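Because the structure is predicted, anything quoted here is derived from the model rather than measured.
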Amino acid sequence: MQTRSADDARKRVVWGIALVLIAVTALLGAGPGAATATALPAPPVPVLTWGPCADDQGDGFECATAQVPLDYREPTGSTIPLAVTRRLAADPAHRTGVLVLHPGGPGNSGVNFARNSYAALPAALRDGFDVVGYDMRGVARSGQVECWNDAEYSAAVDAARGVPGPGALRTAIRQGQEFAAACRERAGGLVPFIGTGSNAKDLDLLRQALGEETLTFYGRSFGSYVGTVYAAQFPRRVRAMVLDGAYDPRRYADVPYAYDAAQFTALDTAVGRFLDWCAQNATACGFGAGKPREAFDQLKRDLDADPVITPSGRPATGYTLAYRLMFNINSGKEIWPYLGEALAAAQAHKTSFLLSPPSPGSFDFLNVNLAVECADRVYPTSRLLLGAMVGAQSASAPLLGPPIGLGPPTYDHNHAPACAQWQAERPSRYEGSYRAAGSAPILVLGTTGDPDTPYRDAVVLAGTLEAGRLLTFDAEGHTAYNRSACVSALVNDYLATLALPARGTVCADETPPEALGRRTTGPVEADETNDVIPTLR
């Protein structure tokens, strides 16, 4: 049995290796500087012909298709179609303009995000703005990217384990190489062009097609990076912009190993805070009998050895548990008792939302999630550095690091094995300044306990932007808007009137852990395939 001092020594060694390698990455991983711009003809402004949506739900939204350049180096060349939706301002006499809602991911449908989030917006925004969403290039109705097919993804995730064994690192690196090769072979005509530099240019063409001089924009999670790049390229076209769950853009794009390390830490410490709550509130949590960390580690091993066979016939292993917890921890403290209940159900070999294997809908999301980030980010190509960093980062986050970091190519934290071996060029990657000089004030939202986009990123982004203003939500969970009445009131006022919150404002009205049975509809289960602004409670 390993002693406490031996465990501490191991952690010090792991962190020492990680810190040295991150420093090396800072030197080796910086992307190339922006090339000198060459004057190009302006791309044609798309013509939007509005009509009923193909899946008309009677919700007042109409749909159109925008043709935009595939390759902005050839702005009058080949085009690709983008699916766009809008709902006109409810009070046209007092219309302010267009409010674009941009979802997280990358990989979530912006069309669905706008339609599914509309009811959560306050009347002042529904009355004063046309609410617009669009599917980014490579997403859903705008040319879904597929690198691995459903059968290949199912085989990889079903074979993954919550406690990876010997050889897991080699397997992860091999699978990353196979995924990168599949992207080039099966989607090579599109994947070079799905980076955020081009996505931001698409957004400005949509602005012009909508007849607007400026945009009002809300972007959450990855949508905040799209907004950041848009403001950097088109600062004078920003009327108001909210970046919720923000990225440190320079570290994300140019020093990706360091960015990944912070994400591993944020995720594991958030899960750790939940398990510590379980230890102190054993009855409310219902899992672990006062020792939830030990119980969680054992549960991963038990599910690996004896998976739960789900109604689909697929196994739910310790990896399945880790994968689902990675997304559901984003919901904050109010869902903690339901997480405890689901963990207890898993101990009893009963299915729950934490034992739901990734589905074909998940695979659509994950294909884009990986491909866009590999188009955006430049990892050093050293295989030695890749193995050292992935191994160190996985070990540094003992709760979820090993299954996620050493698992097959899926979500943010384990993109390095594919992106460091990426075989496509990156002409759509953004490489300029993120200062957005000359922009209107931009409101950046950061949640102190965010498991997905660390709070530090929001602080850095607000300081990077020439006109950034930070609004802090002192809470657990991912993003802030409509999870806090305080945050939402300030955001809504800013979007409607341009009034910024005072510098240094902190909101601290998170919904506490909610007793089981208090909800009438059950817990809100996080689904990586369906981003939505929550309804303010």
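Between Y319 and V163, every side-chain heavy-atom pair lies at or beyond the 4.5 Å cut-off. With a 4.5 Å cut-off on side-chain heavy atoms, L101 and L121 count as touching. In this structure, E476 and W336 have side chains that are in contact, with non-hydrogen atoms separated by less than 4.5 Å. The side-chain heavy atoms of T310 and P357, taken from C-beta on, include a pair separated by under 4.5 Å. Between F217 and L243 there is a side-chain heavy-atom pair separated by less than 4.5 Å. By the 4.5 Å heavy-atom criterion applied to side chains, Y323 and V157 are not counted as neighbours. Using a 4.5 Å heavy-atom threshold, the side chains of D527 and F327 count as separate. N112 places none of its side-chain heavy atoms less than 4.5 Å from the side chain of V532.
In this structure, the separation between CG on L366 and OG1 on T529 is 9.5 Å, given to the nearest 0.5 Å. Rounding to the nearest 0.5 Å gives a distance of 6.0 Å between CG of L399 and CG of L275. Rounded to the nearest 0.5 angstrom, R251 CZ and R456 CZ are separated by 3.5 Å. Considering CZ of F113 and CZ of R220, their distance stands at 5.5 Å, rounded to 0.5 Å. Once rounded to the nearest 0.5 Å, the distance linking CG of D59 with OH of Y118 reads 9.5 Å. The CZ atom of R314 lies 11.0 Å from the CD1 atom of I309; values are rounded to the nearest 0.5 Å.
Side chains of D150 and S154: no donor on one and acceptor on the other come within 3.5 Å. Donor-acceptor pairing under 3.5 Å is lacking for the side chains of H349 and D302.
The aromatic rings of Y247 and Y252 sit perpendicular, their planes meeting at an angle over 60°, well past the 30° parallel limit. F264 and H413 have perpendicular rings, their planes meeting at more than 60° on a 0 to 90° scale where under 30° would count as parallel.
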Practice task
Run the numbers on L445 and T479 for side chain to side chain contact (heavy atoms under 4.5 Å, CB included), then give the verdict.
Solution key: CA-CA 7 Å; L445 310 185; T479 71; over 6 Å; no
Practice task
Let me see the working for L465 and L461 under side chain to side chain contact (heavy atoms under 4.5 Å, CB included), right down to the final yes or no.
Solution key: CA-CA 6 Å; L465 295 165; L461 177 59; 3.9 Å; yes
Problem - V226 and M136: CA distance, side-chain angles, deciding distance, side chain to side chain contact (heavy atoms under 4.5 Å, CB included) verdict - result: CA-CA 10 Å; V226 176; M136 293 196 317; 4.1 Å; yes
Exercise for the section: Test ring pair (Phe, Tyr, Trp, His ring centres under 6.0 Å) on H102 and F222 and set out the steps. Expected result: CA-CA 8 Å; H102 208 296; F222 180 77; 7.1 Å; no
Practice task
Please lay out, stage by stage, how T472 and T448 fare under the test side chain to side chain contact (heavy atoms under 4.5 Å, CB included).
Solution key: CA-CA 7 Å; T472 296; T448 56; 3.7 Å; yes
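Under the ring-ring contact (aromatic ring centres under 6.0 Å, His included) rule, F363 has a single partner from W148, Y153, Y411, F179, which is Y153. Partner of S109 under the side chain to side chain donor-acceptor pair (under 3.5 Å) criterion, chosen from D364, D531, N116, D135: D135.
The minimum heavy-atom distance between A240 and L498, with the atom names listed, is CB-CD2, 3.7 Å. Heavy atoms only, all atoms of each residue included: L370 and P409 are closest at CD1-CB, 3.3 Å. For the pair G107 and V139, the tightest heavy-atom approach, listed with the atom from each and the gap, is O-CG1, 3.5 Å. Here the closest non-hydrogen pair linking P315 and T320 is O-OG1, 3.9 Å. Looking at every heavy atom in both residues, G162 comes nearest to D304 through N-OD1, 2.9 Å. Listed here is the closest heavy atom pair of N108 and E528: OD1-O, 3.0 Å.
S488 places no side-chain N or O within donor-acceptor distance of the main-chain N or O of Y481, the cut-off being under 3.5 Å. Remark: side-chain polar atoms of S224 are paired, donor with acceptor, to backbone N or O of S221 under 3.5 angstrom.
A salt bridge is defined here as a Lys NZ or Arg NE, NH1 or NH2 lying under 4.0 Å from an Asp or Glu carboxylate O, and R483 with D244 fails to meet this definition.
Among residues two or more places apart in sequence or in another chain, the side chain to side chain contact (heavy atoms under 4.5 Å, CB included) test is passed with T505 by L471, L490, P501, A502.
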